[in-house]
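Both backbone and side-chain heavy atoms feed into the values below; hydrogens, waters and symmetry mates do not. Residue numbering restarts at 1 for every chain, and letters A, B, ... go by the order of the sequence lines.
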Amino acid sequence: MTHPELNTPTPPSSTGYFAISSESLNRKALRASLQDVSSGAFVLFEGWVRDHNEGRKVLQLEYEVYEPLAITEGNLILQEARERFAISLAAAVHRQGLLKLTEPAVLVGVSAAHRGAAFDACRYIIDDVKARLPIWKREHYADGTTEWVNCKVKD
Amino acid sequence: MTHPELNTPTPPSSTGYFAISSESLNRKALRASLQDVSSGAFVLFEGWVRDHNEGRKVLQLEYEVYEPLAITEGNLILQEARERFAISLAAAVHRQGLLKLTEPAVLVGVSAAHRGAAFDACRYIIDDVKARLPIWKREHYADGTTEWVNCKVKD
Amino acid sequence: MKQFTVKWFAAYRAATGLAQEQVQSSAGSPSELFAEMTKQHPDLGQYSRALVAINDQMASWDATLSGGEQVLFFPPVAGG
Amino acid sequence: MKQFTVKWFAAYRAATGLAQEQVQSSAGSPSELFAEMTKQHPDLGQYSRALVAINDQMASWDATLSGGEQVLFFPPVAGG
């Protein structure tokens with residue numbers, strides 16, 4: 001069963017959007033889409049690639065995304081944030097494919113009349129993006145091996 | 001009594017800095033100063049100028065800063081944040097002078113290994129910057145009048 | 001016996017060597033289906049179970065499978 | 001009588017018409033000094049009291065003034 005309609009990124013709505021990108025993430029475009037003259041606060045979260053994980057040197061990072069569900073679930077998280085917190089606009093974009101160490105893996109931006117709601121909503125969104133979206137990270141180590149992060153049964 | 005040594009902005013330290021700027025704030029420079037390969041999270045707060053306040057249309061905004069004390073107190077707030085939260089680097093910069101509506105009034109950036117500390121520290125810093133620093137805002141309204149914000153005794 | 005399309009992702013795909021397979025099973029839930037599949041693909045045992053989707057909708061491990069569904073097994077996610 | 005340098009900022013400067021003035025006073029604390037100044041500059045009464053600094057250090061309203069200090073009266077701050 002295919003869902004061709006889910007393979008088309010949801011177009012930016014009037015209250016924000018969730019997107020998956022194979023290109024370097026564009027902070028300026030994200031901020032511009034959230035600009036709003038009635039908002040006094042803007043909070044941006046950026047996920048950065050760390051060069052070490054559990055003692056191993058990381059050279060590059062790869063994200064696999066199951067895009068149809070990541071996009072619908074991502075937009076659902078944004079919708080929940082707008083319902084729970086008094087915010088103006090919210091948007092998020094997540095990388096897929098190979099990333100260099102200096103590139104951000106995810107951006108979450110929220111504008112609001114007041115800062116409390118902007119902080120709370122931004123944190124809610126990134127927490128749920130990390131916990132609920134079908135996105136997996138594979139680290140490529142200096143010793144030539146790779147590993148899917150956080151997948152193994154804990155001993 | 002003069003304190004010429006306090007009129008010199010504190011130079012960027014290895015763990016961040018607080019600054020006052022008469023020019024448009026530079027987000028890129030702030031982020032670059034907080035980049036750190038051991039950090040997985042970056043949180044940026046931006047204070048935006050709203051076009052209305054209590055029903056009146058705001059055309060532009062003016063910040064008066066008592067710079068010697070603002071800089072020492074601002075750096076003290078950053079130092080407190082580094083002591084209370086497990087963060088890598090923190091910096092903040094606040095505008096003075098006349099601002100257009102599209103310009104940010106303040107930027108606070110925090111990098112950390114994990115996002116919880118980055119969010120908590122960023123919020124701590126902006127809360128205290130707004131409450132403790134000798135900075136005053138004067139709104140210029142569409143009807144030609146101006147007012148120092150939040151100064152009047154409440155009825 | 002019912003028929004399912006099972007899709008494997010990330011570490012699961014590496015463990016099974018498959019991106020997708022057609023499965024005959026009497027499993028009544030994703031939980032039962034995953035347990036059966038782990039017998040066929042013992043390497044799955046080293047990975048934790050995380051989320052499951054049915055026909056591109058997030059679903060519960062105890063959801064009812066009637067047959068004909070596409071079942072997506074997701075290893076622990078790691079976005080951000 | 002002690003001598004102080006008092007500095008006014010923002011709304012206080014607008015209310016007093018002064019950025020700075022030399023003051024003779026027997027006030028023992030910033031709190032007492034501000035109350036005295038409000039009698040001289042009645043327009044100060046419409047504004048709330050907020051923070052005070054002595055010799056460029058944030059201070060308490062009940063701090064001891066010995067004379068010779070520079071006292072900075074800050075109206076309610078509004079950064080960000």
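When A:Asp36, A:Asp127, A:Val49 are compared by the number of non-hydrogen pairs under 4.5 Å with chain B, A:Asp127 comes out ahead. Each of B:Gly47, B:Ala41, B:Gly109, B:Pro104 has some count of heavy-atom pairs under 4.5 Å with chain A, and the biggest count is that of B:Ala41.
In this structure, the portions of A:Val37 lying under 4.5 Å from any heavy atom of chain B include both its backbone and its side chain. Contacts of A:Lys130 with chain B are made by side-chain atoms alone, with heavy-atom separations under 4.5 Å and no backbone atom involved. Contacts between A:Leu101 and chain B at a heavy-atom distance below 4.5 Å are absent for every atom of the residue. Neither the backbone nor the side chain of B:Ala105 comes within contact range of chain A; no heavy atoms are under 4.5 Å apart. No part of A:Ala118 comes within reach of chain B, as not one of its non-hydrogen atoms sits under 4.5 angstrom from that chain.
Using a 30° and 60° split on the angle between ring planes, A:Phe119 and B:Phe119 fall in the perpendicular class, above 60°.
Separating the CD atom in B:Glu46 from the CG atom in A:Leu34 is a distance of 10.0 Å, to the nearest 0.5 Å. Note: A:Arg27 CZ to B:Leu44 CG = 9.5 Å, rounded to the nearest 0.5 Å.
By the 6.0 Å contact criterion, CD on B:Glu83 is enclosed, its count of non-hydrogen atoms from other residues, nucleotides or ligands being greater than 12.
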I would like to know whether A:Val108 and B:Arg115 meet side-chain contact (heavy atoms from CB on, under 4.5 Å); could you show each step before the answer? CA-CA 12 Å; A:Val108 177; B:Arg115 67 186 181 283; over 6 Å; no
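Scanning both residues, A:Trp48 and B:Arg31, for their nearest heavy atoms gives CZ2-CG, 4.1 Å.
Within residues 50-65 of chain B, the residues having any heavy atom closer than 4.5 Å to a heavy atom of chain A are B:Arg50, B:Asp51, listed by residue number.
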